[in-house]
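Working notes for the structure below.
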Amino acid sequence: MKKTIHPLAGGVAILMIAIFWLSTAISELSGSEPFVVLVKTLIPWGFIILVPALAAVGGTGFALGGGRSSGLVGKKRKRMPIIAANGVLILIPSALFLAAKAKAGDFDATFYAIQMVELAAGAANLWLLTKNALDGRKLTARRRSSARR
């Protein structure tokens, strides 16, 4: 079950973060204030899907890793605290702050500064999660090839 949940939840997490990032970029580039307000106020609702997906990825990944801390498993484990801290300390507070500012129509310099921080942190998490997914695929490919022998 863990071998099924882990990549599925990881894919959902990557997809959600990509949707948040792309919808933010597209709404800002559109120049449409109502579109920006819509996107910024919907993103926190996406946490209902994202947070459990990330928890499932972390929990199943820890269980699948079985205490190993070297090789690809070790690399994945080292990335996870960065991903978690980035999300808890930067992305979630930023999203909530930006949603409140957007809803109030307060598009000042602070809004755009936090928006840039959020986009950078989101891109970093996308990159780190994708590296973890690719390393996970390498791990499962190794298991499959050794099982065939």
Side-chain angles (χ1 to χ4, degrees), residues 1-30 35-103 109-149:
M1 190 71 153
K2 288 178 275 191
K3 290 179 182 179
T4 302
I5 292 172
H6 187 72
L8 182 64
V12 167
I14 290 170
L15 180 64
M16 291 300 297
I17 294 170
I19 289 169
F20 295 168
W21 200 95
L22 287 171
S23 62
T24 293
I26 292 167
S27 70
E28 290 293 347
L29 291 172
S30 78
F35 188 25
V36 172
V37 171
L38 175 68
V39 167
K40 294 284 94 183
T41 55
L42 286 178
I43 285 174
W45 288 102
F47 295 160
I48 294 168
I49 297 168
L50 178 61
V51 171
L54 287 170
V57 168
T60 57
F62 188 76
L64 288 168
R68 289 179 287 171
S69 60
S70 61
L72 291 175
V73 173
K75 288 180 181 181
K76 289 177 64 134
R77 279 206 170 160
K78 287 178 185 171
R79 289 182 200 120
M80 285 311 295
I82 298 166
I83 292 165
N86 197 8
V88 171
L89 300 175
I90 298 171
L91 292 169
I92 290 174
S94 295
L96 296 172
F97 175 81
L98 292 170
K101 294 277 276 183
K103 193 171 184 179
T110 303
F111 177 90
Y112 288 106
I114 298 297
Q115 182 70 79
M116 296 310 295
V117 169
E118 183 189 48
L119 285 168
N125 266 12
L126 268 176
W127 180 71
L128 291 167
L129 284 165
T130 300
K131 285 189 68 77
N132 273 6
L134 293 171
D135 284 348
R137 288 185 58 100
K138 288 178 190 172
L139 284 167
T140 56
R142 285 183 190 168
R143 273 191 242 134
R144 284 188 204 122
S145 68
S146 65
R148 290 182 191 144
R149 293 179 193 171

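- Closest heavy-atom contact between Asn132 and Lys75: OD1-O, 4.4 Å.
- Listed here is the closest heavy atom pair of Lys2 and Ala63: CD-CB, 3.6 Å.
- Within the 4.5 Å cutoff, the side chain of Arg79 has no heavy atoms near those of the Ile82 side chain.
- Within the 4.5 Å cutoff, the side chain of Glu28 has no heavy atoms near those of the Leu119 side chain.
- Across all non-hydrogen atoms, the minimal contact from Leu64 to His6 is CD1-CB, 3.7 Å.
- Across all their heavy atoms, Val88 and Pro93 have their closest contact at O-CD, 3.2 Å.
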Given Lys3 and Thr60, is the side-chain hydrogen bond (donor to acceptor under 3.5 Å, both in side chains) satisfied, shown in steps?
CA-CA 8 Å; Lys3 290 179 182 179; Thr60 57; over 6 Å; no
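- A pairwise comparison of heavy atoms in Ala121 and Leu91 identifies CB-CD2, 3.6 Å as the closest pair.
- Looking at every heavy atom in both residues, Val37 comes nearest to Ala102 through CG2-O, 3.3 Å.
- When atom types are taken as modelled, the side chain of Ser30 and the backbone of Ser27 share a donor-acceptor pair closer than 3.5 angstrom.
- Interatomic distance, CH2 of Trp127 versus CD1 of Ile14, reported as 13.0 Å (0.5 Å rounding).
- Counting only heavy atoms from C-beta outward, the side chains of Asn125 and Trp21 never approach each other to under 4.5 Å.
- Interatomic distance, NZ of Lys76 versus CG of Asp135, reported as 6.5 Å (0.5 Å rounding).
- Interatomic distance, Leu128 CG to Ile83 CD1, rounded to the nearest 0.5 Å: 5.0 Å.
- Remark: the backbone N or O of Ser70 is not paired with any side-chain donor or acceptor of Arg77 at under 3.5 angstrom.
- To the nearest 0.5 angstrom, Leu15 atom CG is 12.0 Å from Leu129 atom CG.
- The distance from the CG atom of Leu38 to the OG atom of Ser23 is 9.0 Å, given to the nearest 0.5 Å.
- You'll find the side chain of Lys40 reaches within 4.5 Å of the side chain of Glu118, heavy atoms only.
- Enclosure of atom CZ in Phe62 is not indicated, since only 12 or fewer non-hydrogen atoms of other residues, nucleotides or ligands lie within 6.0 angstrom.
- In this structure, CG on Leu126 lies 10.5 Å from CZ on Phe20, to the nearest 0.5 angstrom.
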